[in-house]
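Just so it is clear, the structure is predicted and the values come from calculations on it, not from any experiment. As a basis for the values below, the full set of heavy atoms in this structure was taken, side chains included, without hydrogen atoms, waters or symmetry mates.
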Amino acid sequence: MTRERIGVVGAGLVGLAVARELARTRDAEVTVLEKENRVAAHQSGHNSGVVHAGLYYPPGSLKATLCREGVAMLREYCRAHGLPYEEVGKLVVASTRSELAGLRRLAERARANGVPELAELDALGLREIEPNAVGVAAVHSPRTAVCDFPAVARRLAQDVAELGGSVRLAHPVRAVRERAGRVELIAARRRFAFDRLVVCAGLSSDALAAMTGRPGEVRIVPFRGEYYALRGGSRDLVKGMIYPVPDPRYPFLGVHLTRHIDGEVLVGPNAVLALAYEGYRRRDVRNVLDIARWPGAWRMARRHWRTGLKEVYGSLAKGAFVRAAQRYVPALTAADLERSHGGVRAQAVARDGSLVDDFALDVHGPIVLVRNAPSPGATSSLAIARHIAGIVPALTR
């Protein structure tokens, strides 16, 4: 019997994990098609490396479930393959008494999600964890970790190859069509035919969905996140991670400080509307009309314009980043911060302007479209892959 042939578009963490899972559990011949010349070229390789423990997500949501499952799977995967993984711990700090109610709600949500070893600390207790931090109270998650996500992606690609599949880089998909229950596509001037196709295209999700003839009721609106990094000895002012109490009205966490797996301490990110799907620089202006055509983008802008202006100001003024960091670590100065890398987040926005906050998957015959895989997508990638593999339609011959 001919082996089942499955195509996966996108060689980020989710796409590679899905390919590995399908090759491993379905004994399928899996081909990953990636338009860039390397894996983890976009969101998977442009983040702070945090392995989230599950503090923020509504209990019972797919995000919460897959995060908790994904943490355990990722920790074991890194251990098994000798990949860096370090539990540096996270403090979520209430800097004023007005944030205490939100901090308590966060602690309740985290416990409902089964976050291990959670502790609620007063002002003195938080300084025992982070001696240079200040605040009126904090929640401590000691098992929150950091890892090297690009290294994880490279290992997943190796797994796919060892399972008989292939990862084809520099293969942008140009056309997709369904024919007699199969999926044909053209990538890098080559024709491929698959029994099933899974699209995990991140920032290119809309373009791929349109090629399949199913644009759907959500669209990707890109947000650029910009980071600063602490220079030299100032890195020692931060031991692990220091986060603000999240604003429930907005999906972005605000400026925070994170010690990376290589010892670098990142400050950020902000969240500025990008004008290109891969708009890593302010001057990248390529997809304005595509973004503007979606009514949800305008409705979102009307709803969040005040926050948007604040984020733009933070992008243009280094002092805004410094003040945000000093709120939690007063000893920091402008001289301690230098520009670092940035990333672009693929934020799905519904027609009514609401920000889609959970994973969104569509199944259309032989095609599965991953329309939204937000944070903690990297943390949850192995669990997401198991979930997606379970909904890829079985092949009947």
Test: R97 and E99 ion pair at under 4.0 Å:
no
When Y328, Y243, F321 are each screened for ring pair (Phe, Tyr, Trp, His ring centres under 6.0 Å) with H256, the one that passes is Y243
Is L62 reachable from V370 through a run of hydrophobic residues whose side-chain heavy atoms are each under 4.5 Å from the next?
yes
Measure the spacing between CZ of F149 and OG of S48 and express it to the nearest 0.5 Å.
8.0 Å
Show me the pairs that pass side chain to side chain donor-acceptor pair (under 3.5 Å) and involve residues 184-194, at least two apart or across chains.
R177-E184
Measure the acute angle between the ring planes of H52 and Y56, then classify it against the limits of 30° and 60° as parallel, tilted or perpendicular.
perpendicular
Minimum-distance pair of heavy atoms, taken over all atoms of A123 and G135
CB-O, 3.3 Å
Is it true that the side chains of R371 and S205 contain a donor and an acceptor less than 3.5 Å apart?
no
Under the 3.5 angstrom rule, does the side chain of W294 hit a backbone N or O of G353 as a donor-acceptor pair?
no
Are the side chains of L337 and V322 in touch, meaning some heavy atoms are under 4.5 Å apart?
yes
Return the minimal non-hydrogen interatomic distance between D358 and S61, and the atom names on each side.
OD2-CB, 3.6 Å
Are V198 and L16 co-members of a hydrophobic cluster defined by side-chain heavy atoms under 4.5 Å apart?
yes
How would you list, by chain and number, every residue that makes a side chain to side chain donor-acceptor pair (under 3.5 Å) with D122, sequence neighbours excluded?
none
Tell me yes or no: between the side chains of H46 and Y227, is some donor less than 3.5 Å from an acceptor?
no
Determine whether V173 and I186 make a side-chain contact, defined as any pair of heavy atoms from C-beta on separated by less than 4.5 Å.
no
As an exercise, state the distance from OG of S141 to CD of E87, rounded to the nearest 0.5 Å.
9.0 Å
Please walk me through it: do K90 and E130 pass salt bridge (charged side-chain N to carboxylate O under 4.0 Å, His left out)?
CA-CA 10 Å; K90 175 191 289 185; E130 288 282 358; over 6 Å; no
Check against side-chain contact (heavy atoms from CB on, under 4.5 Å), R259 and R235:
CA-CA 8 Å; R259 178 168 289 277; R235 295 177 179 178; 4.0 Å; yes
Short side-chain to backbone donor-acceptor contact, N113 and A110, under 3.5 Å
no
Inspect the surroundings of CD in E162 and state if more than 12 heavy atoms from other residues, nucleotides or ligands are less than 6.0 Å away.
yes
Atom pair CZ (R293) and CG (N287), whose distance is rounded to the nearest 0.5 Å
10.0 Å
Can you tell me how far apart CG (L22) and CZ (R386) are? Round to the nearest 0.5 Å.
13.5 Å
Do the side chains of V92 and L100 join up, straight or via other hydrophobic residues, at under 4.5 Å, putting them in one cluster?
no
What verdict does the salt bridge (charged side-chain N to carboxylate O under 4.0 Å, His left out) test give for R231 and E338, after you've listed the backbone C-alpha separation in whole Å, the side-chain angles of each residue and the deciding distance to 0.1 Å?
CA-CA 7 Å; R231 300 175 190 268; E338 60 184 357; 3.0 Å; yes
Shared ILVMFWY cluster between I391 and I6, side chains joined below 4.5 angstrom?
yes
Under 3.5 Å, is there a donor-acceptor pair between the side chain of D195 and the main chain of R5?
yes
Min side-chain heavy-atom separation L66-K63 under 4.5 Å
no
R155 side chain to P150 backbone, donor-acceptor under 3.5 Å
no
Kindly work out whether a path of hydrophobic side-chain contacts (I/L/V/M/F/W/Y, heavy atoms less than 4.5 Å apart) joins L13 to V368.
yes
Over 60° means perpendicular and under 30° means parallel, so classify the ring planes of H42 and Y280, tilted if in between.
parallel
So, taking the atom named CG in L163 and the one named CD in Q158, what distance separates them when rounded to the nearest 0.5 Å?
10.5 Å
For the pair S380 (side chain) and P376 (backbone), establish whether a donor and an acceptor sit closer than 3.5 Å, ignoring hydrogens and angles.
yes
For K35 and S204, which heavy atoms make the closest approach, and how far apart are they?
CE-OG, 3.5 Å
Tell me, please, which residues at least two apart from E21 pass salt bridge (charged side-chain N to carboxylate O under 4.0 Å, His left out).
R24
With a 4.5 Å heavy-atom cut-off, do V32 and S166 have their side chains touching?
no
Check whether Q326 reaches the backbone of L332 with its side chain - one donor and one acceptor, N or O, closer than 3.5 Å.
yes
Non-hydrogen side-chain atoms of S340 and L266 separated by less than 4.5 Å
yes
Please answer whether the main-chain N or O of G54 pairs with a side-chain N or O of R68 as donor and acceptor at a distance below 3.5 Å.
no
Close side-chain approach of R219 and D206, heavy atoms under 4.5 Å
yes
Checking E178 side chain against I367 main chain: does a donor-acceptor pair fall under 3.5 Å?
no
Pairs involving residues 72-86, ordered by first then second residue, that meet side chain to side chain donor-acceptor pair (under 3.5 Å) (sequence neighbours left out):
E76-R79, Y77-D159
Least distance between heavy atoms, V176 atom then V183 atom
CG1-CG1, 3.7 Å
Indicate yes or no for a side-chain donor-acceptor contact from N47 to the backbone of Q43 under 3.5 Å, with no hydrogens or angles considered.
yes
Is there a side-chain contact between L74 and V51 in this structure, where contact means two heavy atoms from C-beta onward sitting under 4.5 Å apart?
yes
Partner residues of H140 under the ring pair (Phe, Tyr, Trp, His ring centres under 6.0 Å) criterion, sequence neighbours left out:
none
Salt-bridged, R168 to E34, with N to O below 4.0 Å?
no
Kindly state each residue pair satisfying ring-ring contact (aromatic ring centres under 6.0 Å, His included) with at least one member in residues 356-391, sequence neighbours excluded.
none
Just by distance, do the side chain of R214 and the backbone of M211 share a donor-acceptor pair under 3.5 Å?
no
Test item: side-chain donor near acceptor, T65 and E69, under 3.5 Å
no
